[in-house]
There are 2 protein chains.
Amino acid sequence: MDDLAGLLGLDGNGEVPSGRIIQIYEVACRQFAQRGFDGVSMRDIAAECGISKATLYHYFPDKDSILRPLAMGATKSIYLHVARHDDATLPAVDRLRRFIVETATFFEAFRWAWIAGSTAFWSDPEARARKERIAWRDRYEQLLRDILQAGIDSGELHATDVKIAGRLVLGTINWMPRWYNPAGPLKAPEIAGQFCDMLLAGLRAAPPKKAVGRKAKAKG
Amino acid sequence: MDDLAGLLGLDGNGEVPSGRIIQIYEVACRQFAQRGFDGVSMRDIAAECGISKATLYHYFPDKDSILRPLAMGATKSIYLHVARHDDATLPAVDRLRRFIVETATFFEAFRWAWIAGSTAFWSDPEARARKERIAWRDRYEQLLRDILQAGIDSGELHATDVKIAGRLVLGTINWMPRWYNPAGPLKAPEIAGQFCDMLLAGLRAAPPKKAVGRKAKAKG
DNA sequence: GACAGACTACCGACCGCTCGGTTGGTGCGG
DNA sequence: CCGCACCAACCGAGCGGTCGGTAGTCTGTC
């Protein structure tokens with residue numbers, strides 16, 4: 001399910017991904033996501049791969065070299081994914097929905113890489129978060145702000161501050177890894193769709209100045 | 001500014017907080033928040049406190065004993081804080097606003113403890129996240145769901161699923177530590193207030209079936 | 001077909017270092 | 001003289017990373 005080779009850009013060029021390398025990425029990716037970069041030793045990764053630690057160093061010069069492409073690939077790919085699905089000719093409301101839902105779709109597909117990259121970014125901002133990675137992240141956030149701004153300009157949205165509104169939206173999505181259960185009844189894109197509904201319509205039921213004839217959209 | 005003694009419950013009983021213990025908590029708390037539990041050594045904490053590592057072990061039996069009260073205190077105190085400011089006789093919309101803003105107020109005051117506790121909870125769910133701590137966290141989330149449910153029952157809110165809506169709200173708040181700048185122009189409670197406005201009113205500007213006479217709340 | 005050499009995948013054993021934690025003590029106020 | 005606050009020195013374990021070597025495979029050459 002996790003096409004990590006695609007995320008890492010290993011299948012596009014002439015190189016052969018070598019199988020073992022993909023396996024190491026997959027194992028390390030999940031372990032980093034579950035126990036953190038510092039909480040995973042090279043011995044742990046080697047053991048689960050069924051190889052010796054020395055063999056691990058045959059494929060990767062050091063520990064950082066395993067994490068870096070994962071974090072970089074996740075950050076870059078998430079932007080490319082939502083940008084590919086964006087269409088500036090659509091109404092801003094539809095673009096916003098796509099942005100949110102496609103982000104969740106990406107998260108569903110590359111959950112471990114997402115988490116590993118996100119926590120790596122958080123725990124060691126100066127060493128591992130290099131310029132290029134921040135640049136992709138900025139493009140991602142900027143796309144969201146552009147969508148929000150387009151909605152404000154066209155009169156579809158009435159946010160006053162696109163930065164604040166953008167962080168509102170991103171917070172709802174980025175917090176998902178903390179509670180999302182892949183085995184649950186709702187998949188991530190479905191939840192994201194509901195989030196989008198609530199964010200657009202608001203939680204308040206009725207206009208404050210006008211009485212409602214019927215209970216707006218009764219639950220039962 | 002950080003009344004850590006209060007958060008840890010060290011000033012209520014007859015014990016003398018001893019000064020040094022408070023200092024260790026403060027230093028460790030900030031370091032844990034900034035570099036993670038595994039990223040901070042006992043030598044680091046001792047060095048910044050200006051004492052030897054052995055003295056650290058004079059006050060605490062092990063490393064976990066420094067983090068545990070911090071994480072526990074933060075989780076418990078955040079619930080007690082919002083519960084103290086809640087008033088079930090108020091309209092649900094006002095209660096929701098208080099919940100969000102007071103959470104941000106708490107975050108502003110105990111930022112390091114909040115982050116340290118949150119990341120500890122996340123990185124090692126089974127070992128350090130003990131039953132009691134989860135219980136307080138559940139009470140906190142349950143209070144939010146109760147407020148949302150009360151709003152739905154009274155017709156103020158039209159959320160269909162309080163669990164999903166609750167996670168929407170919590171995500172916006174809980175993501176704040178990742179980008180919040182204490183030196184910025186807006187303080188956390190102010191940002192939280194704006195979040196609450198957006199969450200209640202929604203980002204969409206006008207009802208889809210009716211034309212608006214004026215540009216809703218123009219930005220300039 | 002045999003053989004040398006280069007190369008790949010792999011490993012056991014080891015290195016220096018830092019970690020959390022311990023031990024045996026010192027100085028000092030009450 | 002006791003107990004508190006404190007510390008230098010130390011310990012075993014685990015860390016990231018290195019080293020020398022082995023088994024197999026592919027290639028070119030006689």
Side-chain angles (χ1 to χ4, degrees), chain A residues 5 10 13-71 116 119-120 123-124 126-128 130, chain B residues 5 10 13-71 116 119-120 123-124 126-128 130:
Chain A
L10 293 179
N13 49 20
E15 286 185 32
V16 55
S18 152
R20 187 64 90 186
I21 291 181
I22 302 292
Q23 180 200 19
I24 293 170
Y25 273 127
E26 285 173 351
V27 167
C29 182
R30 184 171 36 73
Q31 292 200 7
F32 287 156
Q34 290 175 324
R35 305 204 306 279
F37 183 76
D38 291 336
V40 175
S41 74
M42 293 297 265
R43 286 164 180 84
D44 294 335
I45 299 170
E48 189 174 330
C49 289
I51 58 177
S52 74
K53 188 161 65 78
T55 301
L56 210 50
Y57 281 94
H58 173 70
Y59 291 102
F60 294 90
D62 50 39
K63 196 181 176 186
D64 263 324
S65 299
I66 308 179
L67 174 64
R68 215 180 309 116
L70 287 169
T119 54
S123 67
D124 201 339
E126 55 183 346
R128 279 189 277 273
R130 279 273 138 271
Chain B
L10 293 178
N13 48 21
E15 285 183 34
V16 55
S18 151
R20 186 66 89 185
I21 291 181
I22 301 293
Q23 180 199 19
I24 293 170
Y25 273 126
E26 283 174 350
V27 167
C29 181
R30 183 171 35 73
Q31 292 200 8
F32 286 156
Q34 289 174 325
R35 305 204 307 278
F37 184 75
D38 291 336
V40 175
S41 73
M42 294 297 264
R43 287 165 178 82
D44 294 335
I45 299 171
E48 190 174 329
C49 290
I51 59 177
S52 75
K53 188 162 64 76
T55 302
L56 210 49
Y57 280 94
H58 172 70
Y59 291 101
F60 294 90
D62 51 39
K63 197 181 176 186
D64 262 324
S65 300
I66 308 180
L67 174 65
R68 214 179 309 116
L70 287 169
T119 54
S123 65
D124 199 339
E126 56 182 345
R128 278 188 279 272
R130 280 273 138 269

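Chain identifiers are assigned alphabetically (A, B, ...) following the order of the sequence lines, protein sequences preceding nucleic acid strands; residue numbering begins at 1 within each chain. It should be emphasised that the depicted structure is a prediction, and the values quoted were computed from it without experimental measurement.
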*Asks:* Under a criterion of less than 4.0 angstrom to any heavy atom of chain B, what are the 5'-terminal and 3'-terminal contacting nucleotides of DNA chain C?
*Replies:* dC19(C) to dT23(C)
*Asks:* For the side chain of Lys53(B) and the backbone of Ser41(B), is there at least one donor-acceptor N/O pair under 3.5 Å apart?
*Replies:* no
*Asks:* Taking the nucleotide of DNA chain C with the nearest heavy atom to each, does Arg43(A) or Tyr59(A) sit closer to the 5' end?
*Replies:* Tyr59(A)
*Asks:* Rounded to the nearest 0.5 Å, what separation is found between the OG atom of Ser52(B) and the CZ atom of Arg43(B)?
*Replies:* 11.0 Å
*Asks:* Supply the atom-to-atom distance Ile24(B) CD1 to Cys29(B) SG, rounded to the nearest 0.5 angstrom.
*Replies:* 13.5 Å
*Asks:* Nearest nucleotide by nearest heavy atom, which residue falls closer to the 5' end of DNA chain D, Met42(A) or Ala54(A)?
*Replies:*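 With Ala54(A) and Met42(A) compared, the 5'-side residue is Met42(A).
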*Asks:* Before we go on, tell me: are the rings of Tyr25(A) and Phe60(A) under 6.0 Å apart, centre to centre?
*Replies:*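 So the answer is yes for these two rings.
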*Asks:* Mind checking the CE-CG spacing from Met42(B) to Asp62(B)? Nearest 0.5 Å is all I need.
*Replies:*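 Those atoms lie 7.5 Å apart.
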*Asks:* Would you name the heavy atoms of Lys63(B) and Asp38(B) that are closest together and state the gap between them?
*Replies:* NZ-CA, 4.3 Å
*Asks:* Taking the nucleotide of DNA chain C with the nearest heavy atom to each, does Lys63(B) or His58(A) sit closer to the 5' end?
*Replies:* His58(A)
*Asks:* Between atom CG of Leu56(B) and atom CD1 of Ile45(B), what is the distance when rounded to the nearest 0.5 Å?
*Replies:* 6.0 Å
*Asks:* Any base atoms under 4.0 Å from Ser41(B), or only sugar-phosphate, or nothing? Heavy atoms, all strands.
*Replies:*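 Sugar-phosphate contact only.
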*Asks:* How many angstroms lie between CD1 in Ile66(A) and OH in Tyr59(A), if you round to the nearest 0.5 Å?
*Replies:* 12.5 Å
*Asks:* Below 4.0 Å from chain B heavy atoms, what is the first contacting nucleotide of DNA chain D and what is the last?
*Replies:*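 It runs dA5(D) to dA8(D).
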